[in-house]
Amino acid sequence: QVHLVESGGGSVQAGGSLTLSCTASDWTFSAHAMGWFRQAPGKEREFVAAVRWSRVGSKYGDSVKGRFTISKDKDKNTIYLQMHSLRPEDTAVYYCTAATRGPWNSPLQSFAYDMWGQGSQVTVSP
């Protein structure tokens, strides 16, 4: 059974930076895509970013374009989310995810992904 293990969450002042990591604990791991969603209290889960696993290509939610960067290291079964110019509205639990079954038909929708990490709290103070 593959698990997605996240690290790197924490608290930061507005304008600061954080980097999240997510590693799949299986050397045979492969996927159509890996990415990040986030969920703030009282809000629905929101798409943040995703990257194709074996091809070039990435997508970003409108609210993070120009501030966040997703990257991958296939040899380490790991993706990263570099977050810069953080705002209080970025405060949320961030979930790593992977689409391992079927085509990547709806990359901005949570139902397109079938594996999830445990969640990492990111808190941005004013």
Side-chain angles (χ1 to χ4, degrees):
Q1 186 76 20
V2 176
H3 295 88
L4 301 179
V5 181
E6 304 178 28
S7 63
S11 299
V12 66
Q13 293 280 338
S17 300
L18 284 173
T19 297
L20 303 180
S21 300
C22 175
T23 298
S25 58
D26 189 335
W27 70 275
T28 64
F29 175 80
S30 66
H32 293 276
M34 293 186 68
W36 300 88
F37 284 74
R38 67 187 183 186
Q39 188 165 24
K43 297 184 178 180
E44 295 183 348
R45 191 164 293 189
E46 176 189 20
F47 175 78
V48 176
V51 62
R52 288 189 170 99
W53 192 241
S54 298
R55 292 181 171 89
V56 175
S58 59
K59 297 181 181 294
Y60 294 92
D62 289 340
S63 64
V64 306
K65 287 180 180 177
R67 300 188 297 121
F68 292 10
T69 301
I70 189 169
S71 60
K72 64 186 178 186
D73 186 336
K74 293 180 66 178
D75 291 337
K76 296 180 179 180
N77 289 341
T78 298
I79 62 167
Y80 306 91
L81 185 68
Q82 295 177 296
M83 303 181 289
H84 300 290
S85 301
L86 284 162
R87 307 164 180 169
E89 53 263 42
D90 294 318
T91 296
V93 177
Y94 284 69
Y95 294 94
C96 177
T97 190
T100 67
R101 303 173 68 181
W104 198 32
N105 288 328
S106 304
L108 276 63
Q109 303 297 321
S110 62
F111 60 72
Y113 303 87
D114 56 274
M115 296 181 60
W116 296 89
Q118 79 277 13
S120 299
Q121 178 68 49
V122 172
T123 302
V124 184
S125 60

I'd like to know whether Trp53 forms a side-chain contact (heavy atoms from CB on, under 4.5 Å) with Ile79, so could you lay out the CA-CA distance, the side-chain angles of the two residues, the decisive distance to 0.1 Å, and finally the verdict. CA-CA 9 Å; Trp53 192 241; Ile79 62 167; 3.7 Å; yes
Take Val48 and Tyr95 through the side-chain contact (heavy atoms from CB on, under 4.5 Å) test and state the conclusion after the steps. CA-CA 10 Å; Val48 176; Tyr95 294 94; over 6 Å; no
May I have the step-by-step check of side-chain contact (heavy atoms from CB on, under 4.5 Å) for Trp36 and Cys96, ending in yes or no? CA-CA 5 Å; Trp36 300 88; Cys96 177; 3.8 Å; yes
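Of all the heavy atoms in Pro88 and Pro126, the pair that sits closest is CG-CA, 4.1 Å. The two residues Ser120 and Ser7 have their closest heavy-atom pair at OG-N, 4.3 Å. What you find for Gly8 and Leu18 is that their closest heavy atoms are O-CD2, 4.1 Å. The two residues Ser110 and Trp116 make their nearest non-hydrogen contact at O-CZ2, 3.6 Å. Closest non-hydrogen pair, Ala99 versus Ala31, comes out as O-CB, 3.3 Å.
When atom types are taken as modelled, the side chain of Thr97 and the backbone of Met115 share a donor-acceptor pair closer than 3.5 angstrom. With Glu6 contributing its side chain and Gly119 its backbone, the two residues share a donor-acceptor pair below 3.5 Å. Checked by atom type and distance alone, the side chain of Tyr113 pairs as donor or acceptor with a backbone atom of Pro107 at under 3.5 Å. Within the 3.5 Å criterion, the main-chain N or O of Ser85 finds a donor-acceptor partner in the side chain of Arg67. With hydrogens and angles disregarded, no donor-acceptor distance shorter than 3.5 Å links the side chain of Thr123 to the backbone of Thr91. Asp73 contributes no side-chain N or O that, together with a main-chain N or O of Thr78, makes up a donor-acceptor pair within less than 3.5 Å. No donor-acceptor distance shorter than 3.5 angstrom exists from the side chain of Asn105 to the backbone of Ala112, with no hydrogens or angles considered. Lys43 contributes no side-chain N or O that, together with a main-chain N or O of Arg38, makes up a donor-acceptor pair within less than 3.5 Å.
In the hydrophobic cluster analysis, where Ile, Leu, Val, Met, Phe, Trp and Tyr join through side-chain heavy atoms closer than 4.5 angstrom, Val12 is grouped together with Leu81. Ile70 and Val5 sit in two unconnected hydrophobic clusters of ILVMFWY residues. Membership requires side-chain heavy atoms under 4.5 Å apart, directly or through other members. With hydrophobic clusters built from ILVMFWY side chains whose heavy atoms lie under 4.5 angstrom apart, Val93 shares a cluster with Phe47.
Atom OG of Ser54 is separated from atom NZ of Lys72 by 6.5 Å, given to the nearest 0.5 angstrom. Remark: His32 NE2 to Arg52 CZ distance equals 11.5 Å, nearest 0.5 Å. Taking CG of Leu20 as the reference point, atom CZ of Phe68 lies at 8.5 Å (rounded to 0.5 Å). In this structure, CZ on Arg45 lies 13.0 Å from CD on Gln109, to the nearest 0.5 angstrom. In this structure, NE2 in His3 is found 10.5 Å from CD in Gln118, a value given to the nearest 0.5 Å. Within the model, atoms OH of Tyr80 and OG1 of Thr23 stand 6.5 Å from one another, a figure rounded to the nearest 0.5 Å.
Remark: Lys76 NZ is loosely packed, at most 12 non-hydrogen atoms of other residues, nucleotides or ligands lying under 6.0 Å away. In the displayed structure, Glu89 atom CD is contacted under 6.0 Å by more than 12 heavy atoms of other residues, nucleotides or ligands.
Salt-bridge check for Asp90 with Arg87: failed, with every basic side-chain N at 4.0 Å or more from each acidic carboxylate O.
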